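First up is the structure itself, then whatever we jot down about it.
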Amino acid sequence: MTPPQQPALAEPQEELNPFVIAQQQFNTAVQYLPDLDAGLIEYLIRPERVITVEFPIKKADGTYQNFVGHRVLHSRVRGPGKGGIRYHPDVNADEVRALSAWMTWKCAVVDVPFGGAKGGIECDPTELTEDDLRRITRRFISQLGDAIGPHVDIPAPDVNTNARTMAWIYDTYDMLHPGKNNLPVVTGKPIDMGGSLGRPEATGRGCLFACQQALRRGLVPGLDSVEGATVVVQGFGNVGATAARLFAEAGAKVIAISDVTGGRYNADGVDVAAALALRDETGFVDGLAGTEPISNEDLLALECDILIPAALENQIRADNADRIRAQLIVEGANGPTTPAADRALFARGIPVLPDILANAGGVTVSYYEWVQNIENEQWEEEVVNQKLLRKMNRATDAVIDTQHRINASLEQIQQARAEQGLNGQALAPVDLRTAAYILAVRRVADVALQRGIWP
Ligand code: NAD
């Protein structure tokens, strides 16, 4: 009799929990910082505070519905918490934890004096009216109470939230704290109520600036500018649509765009202005004249110079990284590339400008908005954009320089690890994401040590 066969073992599933991924990225980076104390490392990785609230609203149709919202303050070592609020059915505490940690490292990479935070409400905005969304926002903010504040934790827009949502947040907070200048409690506000010129475009513009500087630094041999470069953009919201427009204005040829309904492709170039008009009219790019449909999955695999994922997490994974045919990836979204995909792309020589650098333009101009609110000023848009350009160039240089420095000193770091009694496994050269983390973790750790651990 033949012995019973062992069932074939399935390939281990790739870990897609964003919080686990954020921890993996952090753990990879701290291998290159052997002088950091293990307890300090643990302090830096853990979120400082996680708040989950549950609340009902009475909907426009007269029924009652309950919602769950989260606000995570990851770190306030370098300043008050800063990070967007997302409305999406897939929001959960781990996603918000991950997004808050990425904010800490992002603020450190661009060197703005904020810590990291993030919020989210589990809801499907497509099934809610504007009145419902206003009630949800007000109820959520009132339940957060003094957990947010101009010098505590400062929200901003993210997926499915916008300037209108920020106006409701400001108004709710202001009702609860009358008699003070409460404008700096939230950024991304409408321009005529304390918003900054340039903030709506800042994330997409920051992607362009980081990309241009990286190309000037020779990141992609033979491609020293976006002019004439072919560009594919996934996601056509605040970040993706602005990036598509600004890359096109800078002379790039945008050959494909997409949103939740799918993608649109034209090898000769998509008319981005027409796509924006259609999106403003219908909400989507579906049916865009002069283009053919393409799935979001196939869009990622298009041959192009620059691929900009600007939708959600986990778009480039172990199972599709080999299909990528871009020369450079610029992460407009947070967390679009998994660690396994990072390794595959690095092995193939495809650089990734990581989210904590590439999409940091948004938080940078949020910082400028916060400063303007505190000073009761409104800066010219040109001033904002020039400041953003300098910040993005400096941060891009710092990340590329960190990568060069670390990869030129692997043996010394290895030796320092051995002296600390840490494991002796050979250290691999780092990609740009790990370099950005090393830069950021070092900056946050330095401030933590300068402040001293209280008491
Ligand atoms: P948004 O809501 O304005 O737009 C999201 C876009 O992605 C929409 O076009 C939507 O249709 C599309 N989309 C949703 N699911 C998709 C899917 N499965 N496939 C393809 N497209 C899909 O959001 P946003 O503010 O542009 O944020 C996009 C990403 O950028 C998020 O990861 C966010 O965290 C990140 N980000 C945003 C900012 C900001 O300032 N808004 C700053 C930094 C990072």
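Note that the structure is a prediction, hence the values are computed from the model and not measured. All residue numbers in this chain count up from 1 along the given sequence. For ligands, and for the atoms within them, numbers begin at 1 and follow the listed sequence.
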Nearest 0.5 Å, what's the CD-OG distance between Glu95 and Ser100? 11.0 Å
Both conditions, 6.0 Å and 45 degrees, for the charged tip of Lys387 above the ring of Trp379: are they met here? yes
Counting N and O atoms only, with roles assigned by atom type, does the side chain of Asp132 sit under 3.5 Å from a partner on the main chain of Lys59, one being a donor and the other an acceptor? no
Pair Phe26, Tyr437 - check ring-ring contact (aromatic ring centres under 6.0 Å, His included), show working. CA-CA 7 Å; Phe26 175 92; Tyr437 262 85; 7.1 Å; no
Ligand 1: protein N/O within less than 3.5 Å of ligand N/O:
unit_1	atom_1	unit_2	atom_2	d
ligand 1	2 (O)	Asn160	N	2.9
ligand 1	3 (O)	Asn238	N	2.9
ligand 1	9 (O)	Phe236	N	3.0
ligand 1	9 (O)	Gly237	N	3.2
ligand 1	11 (O)	Val260	N	3.0
ligand 1	19 (N)	Asn296	ND2	3.4
ligand 1	26 (O)	Asn238	N	3.1
ligand 1	26 (O)	Val239	N	2.9
ligand 1	30 (O)	Gly332	O	3.4
ligand 1	32 (O)	Ala311	O	3.2
ligand 1	32 (O)	Asn334	N	3.0
ligand 1	34 (O)	Arg86	NH2	2.9
ligand 1	34 (O)	Asp158	OD1	2.7
ligand 1	34 (O)	Asp158	OD2	3.3
ligand 1	34 (O)	Asn334	ND2	2.8
ligand 1	40 (O)	Arg199	NH1	3.4
ligand 1	40 (O)	Arg199	NH2	3.3
ligand 1	40 (O)	Thr203	OG1	2.8

Backbone N/O of Gly335 and side chain of Asp355: donor-acceptor pair under 3.5 Å: yes
With a 4.0 Å cut-off, would you call Glu292 and Arg264 a salt bridge? no
